[in-house]
Amino acid sequence: MKHKNQVFDNVLDLIGQTPLIKLNKIASKFKGNFYAKVESFNPGHSSKDRIALYIIEQAEKKGILSPGDTIIETTSGNTGFSIAMVSIIKGYDCVLAVSSKSSADKIDMLKTMGAKVYVCPAHVSADDPRSYYQVAKCLHEEIKGSVYINQYFNELNIDAHYKSTGPEIWKQTEGKITHLVACSGTGGTISGTAKYLKEQNPEVKVIGVDAFGSVIKKYHETREFDEKEIYPYRIEGLGKNLIPTATNFDVIDEFVKVTDEESAHTARLIAKSEGLFVGYTSGAAMQAIMQLGEQGAFKEDDNIVIIFPDHGSRYMSKVYSDKWMNEQGFFDSKNEAAAQNIQYIK
Ligand SMILES: Cc1ncc(COP(=O)(O)O)c(C=O)c1O
């Protein structure tokens, strides 16, 4: 951890060195020791701070970026927030093409951080001119001197985690990690972290988490891009309708798929059992643990590290809204108790 009494030059100095926190209750019925790498401790409240700072600083080193230039990205929100934050400190303009699936809170936050935002339809194919990939590409061509971060197809996304997240986890577990469980969106987090960990110990098992409605798991198993796997789902930042080159499939041992509904309930359960207020994909990663645990995948001495990518405050109008949960049909008889924690005094 960064020292509590230290004074920092600016907010960017706080990126990385996030805590590894033992999970004491939520998975206690399973064998093994479970630890969460809680990325909401980054100043932009997500793991994407790491890649934003790293990729921008690499571009500066290569002389591609100078103050006043424009940085463009496609993002479900978190990467955009991180790029906007880095841009403010370093003096760049930030232009973001985001999916209409992103929560209203996230879009408002991006605007608050000074970014110019284009909201693009979520359920069109990646080569549709309205998709956020095509919109970003077009903006990059139009704006002179702009840099397109292109996190899904940028090797530096993997490098950022190879150089920070991986070494941090290795050190924090004193080399005793046996399993890494992480969601895969661009795949940068899991690929970079896994590469580093497997270089230290090839026995570390790496499990990716994918969504129903995404092509990633099937591609990992068959190397076949199966369009039939694609259909709408609600979790933002997990899974994909294309194969990102920022995913190194060779360092991932297996993928587990999780549902929108179970991931939402598990996210709520993390808050209630561990006091950790984390995002929807943290619920998804934890849900994968629940499924693997039920299958007896872990042994007594295993040390399982789960990456919690962002903070719960970004999902107040979704997973943490009873109204939203109801609208999705996620409150059934077994879960209706969640709505009973509130009493109105008239
Ligand atoms: C909330 C959230 N969780 C998980 C991920 C997945 O991380 P990665 O893109 O490194 O695979 C993302 C990425 O967009 C995200 O925004």
Side-chain angles (χ1 to χ4, degrees), residues 18 36-40 42 44-52 54-55 73-83 96-99 101-103 105-107 109-110 122 132-133 149-166 180-196 206-211 214 216-217 220 233-249 251-252 255 258 260 263-264 266-267 270 277-288 306-315 318-319:
T18 54
K37 180 76 169 158
V38 187
E39 289 292 287
S40 56
N42 280 298
H45 302 155
S46 89
S47 56
K48 297 294 180 175
D49 282 3
R50 297 176 188 269
I51 69 163
Y54 183 78
I55 295 174
E73 183 52 330
T74 51
T75 170
S76 66
N78 282 326
T79 310
F81 187 92
S82 301
I83 294 171
L96 304 168
V98 313
S99 157
K101 215 159 68 162
S102 306
S103 65
D105 305 355
K106 277 187 175 178
I107 293 169
M109 272 196 289
L110 299 177
Y132 52 95
Y133 310 106
I149 300 279
N150 203 5
Q151 61 172 338
Y152 285 90
F153 298 97
N154 191 336
E155 292 277 308
L156 296 175
N157 179 356
I158 299 180
D159 274 13
H161 292 286
Y162 176 79
K163 296 213 170 113
S164 65
T165 320
L180 172 73
V181 177
C183 291
S184 198
T186 66
T189 307
I190 191 166
S191 304
T193 308
K195 182 168 176 253
Y196 182 86
V206 176
I207 299 153
V209 183
D210 192 21
S214 155
I216 302 293
K217 181 176 193 284
H220 179 253
Y233 57 91
R234 297 174 185 88
I235 312 178
E236 300 159 38
L238 171 65
K240 217 55 231 168
N241 57 356
L242 51 74
I243 308 300
T245 56
T247 307
N248 178 352
F249 287 91
V251 294
I252 302 166
F255 274 93
V258 293
D260 289 333
S263 302
T266 304
I270 296 170
F277 189 39
V278 290
Y280 202 170
T281 53
S282 304
M286 198 66 224
Q287 176 56 29
I306 309 137
I307 297 191
F308 285 175
D310 71 350
H311 196 260
S313 57
R314 294 197 168 159
Y315 305 88
K318 293 202 168 176
V319 182

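One-based numbering, in listed order, for ligands and for the atoms of each. Values below: all heavy atoms of this structure, side chains included; hydrogens, waters and symmetry mates excluded.
Considering only residues two or more places apart in sequence or on other chains, Tyr280 meets the side-chain contact (heavy atoms from CB on, under 4.5 Å) condition with Arg234, Ile235, Asp260, Ser263, Ala264, Tyr315, Val319, Trp324, Phe330.
Taking every non-hydrogen atom of Thr186 and a distance limit under 4.0 Å, the qualifying atoms of ligand 1 come out as 8 (P), 9 (O), 10 (O), 11 (O). Distances below 4.0 Å separate heavy atoms of Lys48 from the following atoms of ligand 1: 7 (O), 8 (P), 9 (O), 10 (O), 12 (C), 13 (C), 14 (O). Atoms of ligand 1 found under 4.0 Å from any heavy atom of Gly188, numbered from 1 in the order shown, are 10 (O), 11 (O). In summary, the atoms of ligand 1 found under 4.0 Å from a heavy atom of Gly187, numbered by their order in the structure, are 8 (P), 9 (O), 11 (O). Less than 4.0 angstrom separates some heavy atom of Thr189 from each of these atoms of ligand 1: 7 (O), 8 (P), 10 (O). Using a 4.0 Å cut-off to heavy atoms of Asp310, the atoms of ligand 1 that qualify are 1 (C). Near Ser184, meaning under 4.0 Å from one of its heavy atoms, ligand 1 places the atoms 11 (O).
When every heavy atom of Asp210 is checked against every heavy atom of Gly239, the shortest pair comes out as OD1-CA, 3.2 Å.
Contact annotation for Gln151 and ligand 1: no heavy atom of the residue comes within less than 4.0 Å of the ligand. The part of Tyr315 lying near ligand 1 is the side chain, judged by heavy-atom distances below 4.0 Å.
Residues Thr74 and Val98 form no side-chain contact, since every pair of their non-hydrogen atoms from C-beta on lies 4.5 Å or further apart.
Where the criterion is an N or O separation shorter than 3.5 Å, residue side chain and backbone included, Gly185 meets it with respect to ligand 1.
Using a 30° and 60° split on the angle between ring planes, Tyr133 and Tyr152 fall in the perpendicular class, above 60°.
Between Lys48 and Glu39, none of the side-chain N atoms (NZ, or NE/NH1/NH2) sits under 4.0 Å from a carboxylate O, so this pair counts as no salt bridge.
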